[in-house]
Protein chains: 2
Amino acid sequence: MGVSIDDVAAQAHVSTATVSRALRGLPRVSEATRAKVLSVAAELGYVPSPSASGLATGRTRTMGVLVPFVDRWYFGHAIEGIDQVLRENGYNLLLFSLGGYVHGQKRSFTESMVRKQIDALLVLSLGLSEEELRQLHHTEIPLLSVGGPVVGCSGVYIDDGAAATAAMDHLLGLGHRRIGHLSGGVQDERNFKVPALRTLAYRTAMERAGLEVRPDWIAAGDFTVAEGVRAAVQIFDAPGELPTALFCGSDEMALGAMFEAQRRGIRIPEELSVVGIDDHDFSAPAGLTTIAQKPWHHGRAAATMLLAELAGATGATRDTLMPFELVVRHSTAPPPG
Amino acid sequence: MGVSIDDVAAQAHVSTATVSRALRGLPRVSEATRAKVLSVAAELGYVPSPSASGLATGRTRTMGVLVPFVDRWYFGHAIEGIDQVLRENGYNLLLFSLGGYVHGQKRSFTESMVRKQIDALLVLSLGLSEEELRQLHHTEIPLLSVGGPVVGCSGVYIDDGAAATAAMDHLLGLGHRRIGHLSGGVQDERNFKVPALRTLAYRTAMERAGLEVRPDWIAAGDFTVAEGVRAAVQIFDAPGELPTALFCGSDEMALGAMFEAQRRGIRIPEELSVVGIDDHDFSAPAGLTTIAQKPWHHGRAAATMLLAELAGATGATRDTLMPFELVVRHSTAPPPG
DNA sequence: CTGTTAGCGCTTTCAC
DNA sequence: GTGAAAGCGCTAACAG
């Protein structure tokens, strides 16, 4: 059925070894033979078998990408960036999604899924357990994280503390003093520290400004709109005065808070300022002020580094901080009064 | 470095063939030997080489998934569903994203990316060109589309015409007579008919109700929020009276229209009703009335069928219509007056 | 129930 | 510059 390298060799009247060299652009092949081989291969519609060359070389030209979800803003865009550079370099992208099972027994990622199957692994914003990390390092394939720090391997991400601080400084600069917070990452996310970093920056900024951190002005979500609504409800329903501003751990949560505020007739930004982190696709249309980051670029940068490492550039994968930027839109203004 | 089947065979004092049978759960192996092999394999940390077995069997236990984007609602969720059933069945998911290059020369999907690499291909809501379709069918691997009809292969999707009609009937039932439309798919999407089907249903419903289809009440977008805003602006800015309702080709566009309406002080649903299709994650929080579909289920269903087909159940992949449902929330009401 | 023996299709020394 | 031949690790007859 499939035409093999032998067919090409026969047709071109050369050995399989020569066909192999010619097709891969290796030296030690005369231009005449190379041309001949190329034309015969094209004519026959020859496509090399990845399994065969994988077996022979030990490399699969496939990169694994491990994600907690594919249907969430950050991951979708990061994967898109990764896919693009992989494609440009003739690499395949093997996707492993935990589908939300960030922890627990339903979580099904194991070393065996990866062994002898991929040349390197990109881990997206994921807290790997000690055991998983151990297994992964044991496979000895290059590893790189994207979207947040992961112990034991380098990563590509923004300085979450600084980003959150920039958001807080914006609010503080506007004159807000009663600032609430929708935090991300409800529970134990193991080694994944992003939500905690952002929340820590909130507390630090408040204290630095000499402001009180009121527990009833902090609510936890999981980075989604739905949870943003839930967290906002919790804060809005709390007895006592409301904050004049909300710093949200993600744009989705910020948007959720905006929806809930609108539902209650709380005017934004007149009565309440809202700022998020991400610059989600919905943020510009909704007029949300945010700290923008570009997961697509993160993916590209990470994949590029990993490819360089595979190409032999030892040390090509290093921790690298990506830029972020405050984008002021219409959800923030000085506090009322 | 890697421990091979021979190592296991040696340690277990059996032949490689026996190890192979034992590990794959084939018959004709005594329980005693099977147990022995299993324990030795575990002890040695043996993991079979996909390349080797792929070479030997001609099957890779990998399914390809071709998508126009991974960072869009429908696709992200569909991929999640696909990934899950693949994982449950020991299959790998090789992702091919066109990254938005739905057409044009930057589009890089070719037969060679697929040949000898995957056992089957899932094509997500994508209009393949005649040439691509020809190449794909030429590879003779099972094909199945998800999210919309693709000529030449079966598919899993909702009846878009009926879904759009349900949305229109809701509006009509509420008493609306001036209904505008945000259509999807701006330009030539080749063989991808979903946007056109929805728009056709709009026209048909209008005519059936004896209502005028006004060109200035129809604006085209590309299914995204940003385009929804743009299209809404176009309609809102048109001279003459405004429609009292908007039927949008996707929830993202509907949400964009809602943002724009809010910006202009057009009250929803008092002055304007908006209905979409999808039940996007943002729809419930935003209170958008919509026709809900479940891409995650579509993905699961499609992957399951393809796997069955691969397992030998000829004809397992057939056209199958998935359910949809009107979800009434707070963006629709009877027209003013 | 188990072992032997060919490959699967490609890469890679090592000769020539 | 080119060819011969030995694998890479596993599966699949075919014997026994």
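Bear in mind the structure is a predicted one, so any value in this text is a computation, not a measurement. Reckoned from all heavy atoms, side chains included, excluding hydrogens, waters and symmetry mates. Chain identifiers are assigned alphabetically (A, B, ...) following the order of the sequence lines, protein sequences preceding nucleic acid strands; residue numbering begins at 1 within each chain.
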Enquirer: Whole angstroms only, please: what is the CG-P distance between B:Leu26 and D:dA13?
Expert: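 Taking CG of B:Leu26 and P of D:dA13, I get 12 Å after rounding.
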
Enquirer: Nearest to the side chain of A:Tyr46 - C:dC8, D:dG1, C:dC10?
Expert: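 The answer is C:dC10.
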
Enquirer: From the set D:dG1, D:dT11, C:dC10, return the single nucleotide nearest to any side-chain atom of A:Ser49.
Expert: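 It is C:dC10.
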
Enquirer: Looking only at side-chain N and O atoms, does B:Glu80 offer a donor or acceptor that is under 3.5 Å from a partner on B:Gln84?
Expert: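 There is no such pair (donor and acceptor under 3.5 Å, judged by atom type) between the side chains of B:Gln84 and B:Glu80.
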
Enquirer: Any side-chain heavy-atom pair from A:Ser145 and A:Tyr157 closer than 4.5 angstrom?
Expert: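 Counting from C-beta outward, A:Ser145 and A:Tyr157 do come under 4.5 Å.
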
Enquirer: Under 4.0 Å, counting only non-hydrogen atoms across every strand here, what does B:Thr33 touch: a base, just sugar-phosphate, or nothing?
Expert: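 If one applies the 4.0 Å heavy-atom cut-off, B:Thr33 turns out to touch the sugar-phosphate alone, with no base involved.
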
Enquirer: Indicate, with a heavy-atom threshold strictly under 4.0 Å, whether B:Arg21 touches base, sugar-phosphate, or nothing.
Expert: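 Base contact.
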
Enquirer: Would you say the side-chain atoms of A:Asp119 pair up with the backbone N or O of A:Thr60, donor to acceptor, closer than 3.5 Å?
Expert: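 Yes; at least one donor-acceptor contact below 3.5 Å.
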
Enquirer: Can you tell me how far P of C:dC8 sits from CZ of B:Arg61, to the nearest Å?
Expert: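 Value for this atom pair: 23 Å.
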
Enquirer: If you look at every strand shown and take non-hydrogen atoms under 4.0 Å, does B:Pro48 touch a base, only sugar-phosphate, or nothing?
Expert: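 The answer is sugar-phosphate, as B:Pro48 gets under 4.0 Å only of primed atoms, P, OP1 or OP2.
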
Enquirer: Looking at A:Ser20, I'd like to know whether one of its side-chain N or O atoms comes within less than 4.0 Å of OP1 or OP2 on C:dT11.
Expert: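 Result: yes.
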
Enquirer: Any side-chain N or O of B:Arg24 less than 4.0 Å from the OP1 or OP2 oxygen of D:dA12?
Expert: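 Yes.
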
Enquirer: Determine the contact category for B:Val14: base if any of its heavy atoms lies under 4.0 Å from a base atom, sugar-phosphate if only primed atoms, P, OP1 or OP2 are that close, otherwise nothing.
Expert: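 Contact class for B:Val14: sugar-phosphate only.
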
Enquirer: Which nucleotide, C:dT2, D:dT2, D:dA12, lies nearest any side-chain atom of A:Arg28?
Expert: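 In terms of side-chain proximity for A:Arg28, the closest of C:dT2, D:dT2, D:dA12 is D:dT2.
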
Enquirer: Looking only at side-chain N and O atoms, does A:Arg24 offer a donor or acceptor that is under 3.5 Å from a partner on A:Ser20?
Expert: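 Yes.
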
Enquirer: Could you tell me whether the side chain of B:Val114 reaches within less than 4.5 Å of the side chain of A:Val47, counting heavy atoms only?
Expert: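 No, too far: nothing below the 4.5 Å cut-off.
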
Enquirer: According to a strict under-4.0 Å criterion, is A:Ser15 in side-chain N/O contact with OP1 or OP2 of D:dG3?
Expert: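 Checking D:dG3 against A:Ser15, a side-chain N or O does come within under 4.0 Å of OP1 or OP2.
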
Enquirer: Could you tell me whether the phosphate oxygens of D:dG3, OP1 or OP2, come under 4.0 Å of any side-chain nitrogen or oxygen in A:Thr18?
Expert: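 Indeed, a polar side-chain atom of A:Thr18 lies that close.
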
Enquirer: For the pair made of CG in A:Asp6 and C1' in D:dG3, what is the distance, rounded to whole Å?
Expert: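 My rounded result for the distance is 13 Å.
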
Enquirer: Are side-chain heavy atoms of A:Leu93 and B:Leu94 found at a separation under 4.5 Å?
Expert: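 No, their side chains stay 4.5 Å or more apart.
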
Enquirer: Roughly, in whole Å, what's the span from NZ in B:Lys36 to P in C:dG3?
Expert: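 Checked: the NZ to P distance equals 13 Å.
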
Enquirer: Whole Å only: how far is the NZ atom of A:Lys116 from the P atom of D:dC8?
Expert: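 Whole-Å distance recorded here is 13 Å.
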
Enquirer: What is the distance, rounded to the nearest whole Å, between atom CD1 of A:Ile5 and atom P of D:dA4?
Expert: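 That distance rounds to 14 Å.
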
Enquirer: Which nucleotide, C:dC10, C:dT12, C:dC8, lies nearest any side-chain atom of A:Ala17?
Expert: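 That would be C:dT12.
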
Enquirer: Using whole Å, report how far CG of A:Leu23 lies from P of C:dT12.
Expert: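 So the CG-P distance, A:Leu23 to C:dT12, works out to 14 Å.
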
Enquirer: Nearest to the side chain of A:Leu55 - C:dT2, D:dT11, D:dC8?
Expert: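 Output: D:dC8.
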
Enquirer: Just N and O in the side chain of B:Ser30: are any of them under 4.0 Å from OP1 or OP2 of C:dT2?
Expert: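 So the side-chain polar atoms of B:Ser30 do come within 4.0 Å of the phosphate oxygens OP1 or OP2 of C:dT2, strictly under.
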
Enquirer: For A:Arg115 and D:dG9, is the shortest distance between a side-chain N/O and OP1 or OP2 below 4.0 Å?
Expert: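 For D:dG9, neither OP1 nor OP2 has a side-chain N or O of A:Arg115 closer than 4.0 Å.
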
